[in-house]
Amino acid sequence: MAFGERVVRIIKEIPYGRVMSYGQVAAIAGTPRAAIIVGQILKNGTIKYDLPWQRVINSKGFISIVNMQFPPELQAELLKTEGIEVKKFDGQFWVDLQKYGWLPEEISGKI
DNA sequence: AAGGTGACTAACA
DNA sequence: ATGTTAGCCACCT
């Protein structure tokens with residue numbers, strides 16, 4: 001199975017109201033340092049694979065989107081809708097990874 | 001078809 | 001403490 005396929009699968013498994021960082025997704029998909037590829041896949045494959053793109057943020061918990069189709073404000077809104085607290089730090093949206101972060105092992109144990 | 005390019009990160013200077 | 005660099009490798013052109 002290809003890396004990209006695993007990434008898509010993992011992202012789709014992120015539960016409602018939880019988030020994961022690019023790095024975590026990459027690591028679980030089998031390549032810890034390929035975080036940026038996860039970003040690529042999100043950027044280009046969100047529509048194609050119908051991904052919950054708003055549930056993926058960077059390792060610091062910030063929204064690191066640079067996409068006009070899916071602006072940070074929208075992502076923040078979607079997350080709030082899911083019950084996630086989104087705070088604002090210096091013009092950047094932030095969510096508590098400790099609190100809302102999620103790892104597949106918690107429920108599936110596989111992947 | 002081959003190569004440039006990241007919605008990233010952690011490690012250095 | 002802030003800025004740069006080097007891994008990473010699938011996707012798009």
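Order of the sequence lines fixes the chain letters, A, B, ..., with proteins taken first and strands second; residue numbering starts at 1 for each chain. Atom set for the values below is all heavy atoms of this structure, side chains included, hydrogens, waters and symmetry mates excluded.
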Next on the checklist: Strictly under 4.0 angstrom, non-hydrogen atoms only: write out the protein contact profile of nucleotides 3-13 of chain B, one letter per nucleotide from the 5' end, B, S or -.
Outcome noted: --BBBBSS---
Checklist outcome for this item: Going by chain and number, the hydrophobic cluster around Trp94(A) (ILVMFWY, side chain to side chain under 4.5 Å) further includes Phe62(A), Phe89(A)
Checklist entry - Could you state the CG-P distance from Asp90(A) to dT2(C), rounded to the nearest angstrom? => result 12 Å
Checklist entry - Hey, is the main chain of Ala29(A) close enough, under 3.5 Å, to the side chain of Arg6(A) for a donor-acceptor pair? => result yes
Next on the checklist: Would you say that Pro15(A) contacts Trp102(A) through its side chain, given a criterion of any heavy-atom pair below 4.5 Å between the two side chains?
Outcome noted: yes
Item to check | Ion pair check, Glu5(A) and Arg9(A), cut-off under 4.0 Å | outcome: yes
Next on the checklist: For Glu82(A) and Gln54(A): C-alpha separation, side-chain torsions, deciding distance, then whether side chain to side chain donor-acceptor pair (under 3.5 Å) applies.
Outcome noted: CA-CA 10 Å; Glu82(A) 301 194 356; Gln54(A) 73 276 23; 3.1 Å; yes
